[in-house]
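Only one structure is covered here, and it is reproduced in the block below.
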Amino acid sequence: MAAPSFLGWDFSTQQLKVIAIDEHLRVIYEDNVNFDKDLPEFKTQGGAHVHGDRLTVTSPVLMWVKALDMILEKMKSSGFNFSQVRALSGAGQQHGSVYWKKGSIQILKNASPKLPLHQALKACFAISDSPIWMDSSTASQCSALENAVGGAQRLANITGSRAYERFTGNQIAKIYNQNPEVYAQTERISLVSSFAASLFLGAYAPIDYSDGSGMNLLQIWDKSWSASCLDACAPELVEKLGNPVPSHSVLGSISPYYIQRYGFSPDCKIVAFTGDNPASLAGMRLEEGDIAISLGTSDTLFLWIQEPTPALEGHILCNPVDSQTYMALLCFKNGSLMRERIRNECASGSWDEFSKALSSTVAGNNGNLGFYFDVMEITPEAVGVHRFNSDNQKVLNFPKEVEIRALIEGQFMAKRIHAEKLGYKVMPQTRILATGGASHNKKILQVLSDVFSAPVYTIDTANSACLGSAYRAIHGLVAETNVPLADVVKLAPEPRLAVTPTAGAEELYHPLLKRYAELEQKVIYNPTSSCLAK
């Protein structure tokens with residue numbers, strides 16, 4: 001008899017991906033559909049349509065459905081054995097929303113297995129183009145929401161984030177303001193994740209706590225919708241959103257459509273889908289006290305937090321693998337492009353020379369500190385290059401090797417300061433999991449390790465949201481018995497230890513971090529502005 005398998009799906013911005021794993025967590029199948037290339041009839045660029053105002057960004061809902069049809073047909077023709085799939089789960093790009101027209105539940109439930117799903121559902125959506133996370137057209141709705149609840153910090157205290165233009169509540173408010181008749185025709189509003197789960201369930205899938213935390217609508221403490229936030233956005237929202245559920249919930253068995261069309265087992269379970277960032281946390285197998293740092297075009301931090309303190313920067317979300325705890329996300333826009341500019345100017349464009357400069361300077365940089373923001377930073381809101389000597393006096397320039405260390409130390413000190421603002425604490429068991437371009441550079445990682453006083457491991461995250469979804473499918477089957485995800489994924493490949501902190505690093509950086517935080521207040525551009533885009 002064939003071995004059981006588990007599917008993980010990722011409905012991301014540019015493509016739909018699937019991974020199948022066996023009980024030993026080995027990948028036994030993977031495939032993807034690229035929206036631009038494989039579905040050219042939808043005329044997307046990067047999976048989306050940027051509208052004439054350059055602020056409104058949407059994706060066609062039926063493109064996502066057709067991509068699912070396409071990938072399932074590919075799997076079928078390759079001989080994939082659907083009957084052995086015990087459970088599936090998935091991820092969706094965060095914040096995007098789907099508007100189901102009144103009566104669609106019946107069509108979804110009774111879809112004919114003779115038709116591809118995109119044909120069966122073609123009349124089901126009140127809005128054919130879903131607003132997605134790249135949209136920044138809701139500034140007025142953000143202001144209204146913050147004002148309604150008593151300000152930006154108050155909204156963050158309730159929902160985990162101040163008002164952001166891409167967050168779903170503000171997008172719903174815009175649709176209600178501009179198209180009240182379309183809103184009135186809508187019987188259910190899904191996130192991209194819960195929409196995708198609905199396709200497999202043959203019924204409206206609930207929103208999970210973790211992805212629900214990216215809407216500016218969920219009270220993250222008691223995990224229920226905030227009445228004041230709902231009221232500020234649109235009427236009758238409780239009915240249209242349904243009740244949120246824990247992220248590890250088993251929603252039910254797969255719809256008969258898939259049993260008849262593809263040969264899935266009637267016993268195949270659907271585990272709640274979540275957002276792509278929460279699914280990545282599962283895929284990277286973060287545990288309590290861990291921090292994952294993606295060093296890319298922008299730098300992103302994923303934190304596992306016990307007792308969060310929401311701030312005006314960053315996002316607190318319910319933890320997708322442990323609903324008693326939280327995760328936090330912090331995005332820093334000045335990432336690799338900033339590092340590359342300083343490399344070009346101070347190290348003749350060579351990473352080797354850049355690394356040598358880091359090695360030739362002392363940890364702490366003799367008290368020289370710098371802030372490097374070529375583009376408007378969002379954590380904190382500041383722009384420009386600001387250099388300070390050991391007496392906290394502004395200086396115009398540093399020697400090249402001092403500049404290189406000031407950049408890297410500054411980038412990592414900012415990360416620690418802002419993580420701790422959100423309630424993160426470095427613990428004895430803390431691991432830093434590094435990924436992205438700069439994670440290949442050991443000298444950069446050494447600075448990261450020293451600033452955080454924790455060992456740094458490197459991980460491959462090419463498919464972390466997809467893999468995390470497959471892990472969550474397995475976890476969902478046992479989560480009710482309080483088995484932690486860590487026990488379920490023991491057999492997965494371990495991260496590779498890259499560097500450990502230098503002796504004395506904690507004592508050295510402790511006063512520097514305090515100074516850096518105080519100087520940061522001096523370079524902040526305009527702390528009162530609102531609604532920053534991603």
Side-chain angles (χ1 to χ4, degrees), residues 51 53 55-59 61 92-105 124-152 154-195 198 204-209 211-220 222-245 275 315 317 530-531 533:
H51 294 232
D53 61 2
L55 300 173
T56 307
V57 186
T58 59
S59 289
V61 188
Q93 49 173 296
Q94 287 201 259
H95 318 301
S97 46
V98 174
Y99 299 78
W100 297 88
K101 208 182 274 180
K102 284 185 174 160
S104 297
I105 185 79
C124 283
F125 304 105
I127 292 177
S128 55
D129 293 289
S130 284
I132 64 164
W133 65 270
M134 293 156 72
D135 186 283
S136 55
S137 65
T138 62
S140 61
Q141 286 79 12
C142 287
S143 304
L145 178 57
E146 288 184 346
N147 292 338
V149 300
R154 177 90 186 98
L155 182 64
N157 292 345
I158 299 168
T159 71
S161 299
R162 70 181 304 170
Y164 281 83
E165 292 166 327
R166 65 188 184 275
F167 274 43
T168 325
N170 308 304
Q171 296 291 338
I172 293 169
K174 176 188 160 186
I175 285 166
Y176 172 65
N177 296 153
Q178 295 184 357
N179 298 300
E181 66 296 334
V182 164
Y183 184 81
Q185 287 165 19
T186 301
E187 74 179 2
R188 176 62 77 113
I189 300 172
S190 296
L191 294 179
V192 177
S193 57
S194 62
F195 152 77
S198 304
Y204 294 146
I207 290 170
D208 79 291
Y209 293 159
D211 207 11
S213 312
M215 302 173 74
N216 279 144
L217 295 177
L218 188 79
Q219 297 189 55
I220 57 169
D222 62 7
K223 300 172 176 65
S224 61
W225 301 121
S226 156
S228 56
C229 294
L230 296 188
D231 291 347
C233 289
E236 295 159 28
L237 254 185
V238 170
E239 296 78 16
K240 293 185 198 289
L241 292 172
N243 293 325
V245 298
H315 312 295
L317 312 175
S530 174
C531 291

Handout entry: Modelled atom types, side-chain donor and acceptor of Gln94 and Asp211, under 3.5 Å
Key = yes
Exercise for the section: May I ask you to check whether Tyr99 and Gln185 show a side-chain donor-acceptor distance below 3.5 Å? Expected result: no
Problem - Parallel, tilted or perpendicular, as decided by the 30° and 60° cut-offs, for the rings of Phe125 and Phe195 - result: perpendicular
Problem - Lys240 NZ/CZ over Tyr183 ring centroid, <6.0 Å and within 45° of normal - result: yes
With rounding to the nearest 0.5 angstrom, report the [atom1] to [atom2] distance, [X] to [Y].
| X | Y | atom1 | atom2 | value |
| --- | --- | --- | --- | --- |
| Ser136 | Leu55 | OG | CG | 4.5 Å |
| Arg162 | Asn157 | CZ | CG | 12.5 Å |
| Thr138 | Arg166 | OG1 | CZ | 10.0 Å |
| Ile132 | Ser97 | CD1 | OG | 10.5 Å |
| Leu217 | Leu230 | CG | CG | 5.5 Å |
| Ser59 | Asp129 | OG | CG | 8.0 Å |

Does the side chain of [X] reach to within under 4.5 Å of the side chain of [Y], using non-hydrogen atoms?
| X | Y | result |
| --- | --- | --- |
| Val57 | His51 | no |
| Cys124 | Lys101 | no |
| Ser130 | Thr58 | no |
| Ser104 | Arg188 | no |
| Glu165 | Asp135 | no |

Practice task
Given side-chain contact (heavy atoms from CB on, under 4.5 Å), test Leu145 with Asn170 step by step and report yes or no.
Solution key: CA-CA 8 Å; Leu145 178 57; Asn170 308 304; 3.3 Å; yes
Identify the heavy atoms of [X] and [Y] that sit nearest to each other, and give their distance.
| X | Y | answer |
| --- | --- | --- |
| Asn216 | Ala163 | OD1-CA, 3.3 Å |
| Pro206 | Ser194 | O-CB, 3.5 Å |
| Ala232 | Ala148 | CB-CB, 3.6 Å |
| Gly212 | Leu218 | O-CB, 3.5 Å |

Handout entry: Asn243, CG atom: more than 12 neighbouring heavy atoms under 6.0 Å
Key = no
Handout entry: Worked verdict on Trp100 versus Thr186 for side chain to side chain donor-acceptor pair (under 3.5 Å)
Key = CA-CA 5 Å; Trp100 297 88; Thr186 301; over 6 Å; no
Hey, can you pull the donor-acceptor pairs under 3.5 Å for the side chains in residues 174-182, sequence neighbours left out?
unit_1, atom_1, unit_2, atom_2, d
Lys174, NZ, Ser137, OG, 2.8
Asn177, OD1, Gln141, NE2, 3.2
Asn177, ND2, Ala173, O, 3.4

Exercise for the section: Applying ring-ring contact (aromatic ring centres under 6.0 Å, His included), name anything that partners Phe167, two or more places apart in sequence or on another chain. Expected result: His95, Tyr164, His315
Problem - Of Pro244, Cys229, Ser224, the residue whose pairing with Gln219 passes side chain to side chain contact (heavy atoms under 4.5 Å, CB included) - result: Ser224
Completion exercise
Residue pairs meeting side chain to side chain donor-acceptor pair (under 3.5 Å), one or both in residues 225-237, sequence neighbours left out, come to Ser226-Ser228
Exercise for the section: Output, in order, the C-alpha distance, side-chain angles, deciding distance and verdict of side-chain contact (heavy atoms from CB on, under 4.5 Å) for Ile172 and Ile189. Expected result: CA-CA 9 Å; Ile172 293 169; Ile189 300 172; 4.1 Å; yes
